[in-house]
Amino acid sequence: MKRISFLIIVLIVCSCGKNEEIHPKYQDIQELVFASGQLEWDDAYNLVVQTDGVLTQLTFEAGDTVQKGSVLARVDNKSNQINTQTAREQWLIAQQNITPYAPALLALEQSIQAAENKYLQDKKQADRYERLQQSNIGSRVEYENAQLAAKNSWANWQSLKKQYAQVLQQAKQQQITSQGQLKNSQILEDYNKITVTESGVVIKKFKNNGDFVRKGDVVATIGNAQKIQAVLNVDENSIGKIKLGQKVYVKLNTHKEKVYLAHIAEILSAFDAASQSFICKATFEETLHQALFGTQLEANVLVAQKKHALLIPRSYLDYGNKVNLKGQDKPLVIKTGIVSTAYVEVRSGLDENSILLPLKP
């Protein structure tokens, strides 16, 4: 009998608890969208090898602060060095070829001087025969030969001057070409240097001294440690609720006891296939000390809030926004607003005097 009585009491208590009356109540509500993610540093970039060879003189480690323009390592590529030296020597020769002391120009200058002297002599002779001819002295043939000799020497003199100008122009063109080749070779030789393009902190180091590297290999990742962002993965069902400027409450896996305040600073428009989510970036309102790149985090984005809203427990809301009311045989459809983890805002259909019943199992 005692056992039977105990079972009856338990059933009565359970039955009473199951049919407990719940009234809507007024209080503040917030709607939060959960997102996982990680810490990343803004302006992060990869330091990439631009030529093949063996890595040498590597002078950095992860965590080091590096300045723009500093050389962090070198690639031993002797081919680039040889090409630069060859181009420099060719350029020096081309430079010499445009001076008045260049062998080709000097020889032409001498030829021009000789041609000018010959023309002056032939012209003098032609003028003499012309005066004799006017006085009817001497033969016509000698006069014509003198005139022809002066004409030919003039043409030869002018031809040599044009030839000099042409050779000088070709020498200048070769000088321009060799100068361009030298600059290109110097650029290629500079590829032997691995130079910091923007100041920052070394986030990751991927190569060591003695490693053989190819063009395109990543030596290190560098970022701006002063600009830390939370990169959030937001579910496609929730991305429509995310707006720029919304508050974000962030917990780092390395400091779970502290909540950091941030705000949505960027919403990437494309779906990220790797994470199967949309990517949002949040900027912190306070400085993060000793924040490690890639630290995993959990975030809650505040997408809506309301003060003094009429609320019911979320567990009492059925599909189709239906609730069970005491004294009614059929569920009632209500209009809802903000939905939080535990509560739902009621915009119409219920008041404080309504009595809710649990959903039927």
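None of the values given here were measured: they were computed from a predicted structure.
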Just do the side-chain contact (heavy atoms from CB on, under 4.5 Å) check on Leu317 and Thr336 with the steps written out, would you? CA-CA 10 Å; Leu317 184 69; Thr336 62; 4.2 Å; yes

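- A pairwise comparison of heavy atoms in Ala94 and Gln175 identifies CB-CA, 3.5 Å as the closest pair.
- Tyr343 and Tyr316 are not part of a single hydrophobic cluster, where members link through side-chain heavy atoms under 4.5 Å apart.
- No side-chain donor from either of Gln169 and Gln173 sits under 3.5 Å from a side-chain acceptor of the other.
- Counting only residues at least two apart or on different chains, the side chain to side chain donor-acceptor pair (under 3.5 Å) pairs with a member in residues 24-37 are Gln30-Gln305, Glu31-Lys241.
- Within the 4.5 Å cutoff, the side chain of Glu236 has heavy atoms near those of the Phe278 side chain.
- Looking only at side-chain heavy atoms (C-beta outward), His263 and Gln246 stay at 4.5 Å or farther from each other.
- Ion pairing between Asp122 and Lys118 holds under the 4.0 Å rule for side-chain N and carboxylate O.
- Contact record, Gln276 with Phe271: C-CZ, 3.2 Å, taken as the closest heavy-atom pair.
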Might you work through the side-chain contact (heavy atoms from CB on, under 4.5 Å) test for Tyr143 and Leu132, ending with a clear yes or no? CA-CA 8 Å; Tyr143 165 72; Leu132 291 173; over 6 Å; no

Are Lys247 and Leu261 close enough, and set up right, to give a side-chain contact (heavy atoms from CB on, under 4.5 Å), and what steps lead you there? CA-CA 7 Å; Lys247 289 184 178 180; Leu261 182 62; 4.3 Å; yes

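- Heavy atoms only, all atoms of each residue included: Val71 and Thr195 are closest at CG2-OG1, 4.0 Å.
- The cluster map of Ile, Leu, Val, Met, Phe, Trp and Tyr, joined by side-chain heavy atoms under 4.5 Å apart, puts Val344 and Leu332 in the same cluster.
- For the pair Glu144 (side chain) and Val141 (backbone), a donor-acceptor distance under 3.5 Å is absent.
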Could you walk me through whether Val248 and Asn300 pass side-chain contact (heavy atoms from CB on, under 4.5 Å), step by step? CA-CA 6 Å; Val248 185; Asn300 285 289; over 6 Å; no

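- By the rule that hydrophobic residues join a cluster once side-chain heavy atoms approach within less than 4.5 Å of another member, Val218 and Phe293 end up as members of separate clusters.
- Under the 4.5 Å side-chain heavy-atom criterion for Ile, Leu, Val, Met, Phe, Trp and Tyr, Val234 and Ile279 are members of distinct hydrophobic clusters.
- For the pair Leu268 and Glu266, the tightest heavy-atom approach, listed with the atom from each and the gap, is CD1-OE2, 3.7 Å.
- Side-chain contact, Asp272 with Ser275: a donor N or O sits under 3.5 Å from an acceptor N or O.
- For the pair Ser111 (side chain) and Ala107 (backbone), a donor-acceptor distance under 3.5 Å is present.
- Under a 4.5 Å side-chain heavy-atom criterion applied to ILVMFWY residues, the cluster that includes Leu55 comprises Tyr45, Leu47, Val49, Leu58, Phe60, Val66, Leu72, Val75, Ile194, Val196, Val202, Val213, Val219, Ile222 as well.
- Remark: the backbone N or O of Ser354 is paired with a side-chain donor or acceptor of Asp351 at under 3.5 angstrom.
- Among Val33, Val301, Ile242, the one residue that satisfies the side chain to side chain contact (heavy atoms under 4.5 Å, CB included) test with Leu232 is Val301.
- A donor-acceptor pair under 3.5 Å is absent between the side-chain atoms of Ser159 and the main chain of Ala155, judged by distance alone.
- In this structure a side-chain-to-backbone donor-acceptor pair under 3.5 Å is missing from Thr295 to Leu39.
- A distance-only check finds no donor-acceptor pair linking the side chain of Asn224 to the backbone of Gly200 [under 3.5 Å].
- For the atom pair CD of Glu345 and CD1 of Ile334, the computed distance is 10.0 Å after rounding to the nearest 0.5 Å.
- One finds the CG atom of Asn321 at 11.0 Å from the CZ atom of Arg347 (value rounded to the nearest 0.5 Å).
- For the pair Lys258 and Tyr260, the cation-pi test (distance below 6.0 Å, angle within 45°) is passed.
- Side chains of Val323 and Asp318 form no contact here, defined as non-hydrogen atoms less than 4.5 Å apart.
- In this structure, the side chains of Asp211 and Asn209 stay at 4.5 Å or more apart for every pair of heavy atoms.
- Between Trp157 and Tyr119, the ring planes are parallel. Angles under 30° get that label, and only those over 60° would be called perpendicular.
- Remark: Ile93 CD1 to Glu89 CD distance equals 7.5 Å, nearest 0.5 Å.
- More than 12 heavy atoms of other residues, nucleotides or ligands shown are found within 6.0 angstrom of NZ on Lys161.
- Counting heavy atoms from C-beta on, the side chains of Ile267 and Leu244 come closer than 4.5 Å.
- Distance check, rounded to the nearest 0.5 Å: CZ of Phe34 to OG1 of Thr341 gives 10.5 Å.
- Panel note: side chain Asp127, backbone Lys124; no donor-acceptor pair is recorded below 3.5 Å.
- Closest non-hydrogen pair, Ile29 versus Ile338, comes out as CD1-O, 3.7 Å.
- When side chains are defined from C-beta on, Tyr249 counts as touching Leu302, because their heavy atoms get closer than 4.5 Å.
- Side-chain contact, Asp76 with Thr56: no donor N or O sits under 3.5 Å from an acceptor N or O.
- Within the 4.5 Å cutoff, the side chain of Cys280 has heavy atoms near those of the Ile239 side chain.
- Here CD of Glu40 is found 11.5 Å from CD1 of Ile228. Values are rounded to the nearest 0.5 Å.
- The neighbour count for Lys123 NZ, taken as heavy atoms of other residues, nucleotides or ligands under 6.0 Å away, does not exceed 12.
- The main-chain N or O of Lys215 is found under 3.5 Å from a side-chain atom of Asp52 such that the two form a donor-acceptor pair.
- Between the side chain of Asn117 and the main chain of Ala114, no donor-acceptor pair closer than 3.5 Å is present.
- Note on Val346 and Val339: same hydrophobic cluster, where clusters join Ile, Leu, Val, Met, Phe, Trp and Tyr whose side-chain heavy atoms are under 4.5 Å apart, directly or indirectly.
- Counting only distance, with no hydrogens or angles, the side chain of Asp235 and the backbone of Asn237 share a donor-acceptor pair below 3.5 Å.
- Minimum heavy-atom separation, Val250 to Ala299: CG2-CB, 4.2 Å.
- The structure places CD of Gln38 at 11.0 Å from CG of Asn253, a figure rounded to the nearest 0.5 Å.
- Between Gln67 and Ser199 the shortest side-chain heavy-atom distance falls below 4.5 Å.
- Crowding of Lys251 atom NZ: a count of heavy atoms from other residues, nucleotides or ligands under 6.0 Å not exceeding 12.
- Taking Ile, Leu, Val, Met, Phe, Trp and Tyr as members and joining any whose side-chain heavy atoms lie under 4.5 Å apart, directly or through other members, Leu106 forms no hydrophobic cluster with any other residue.
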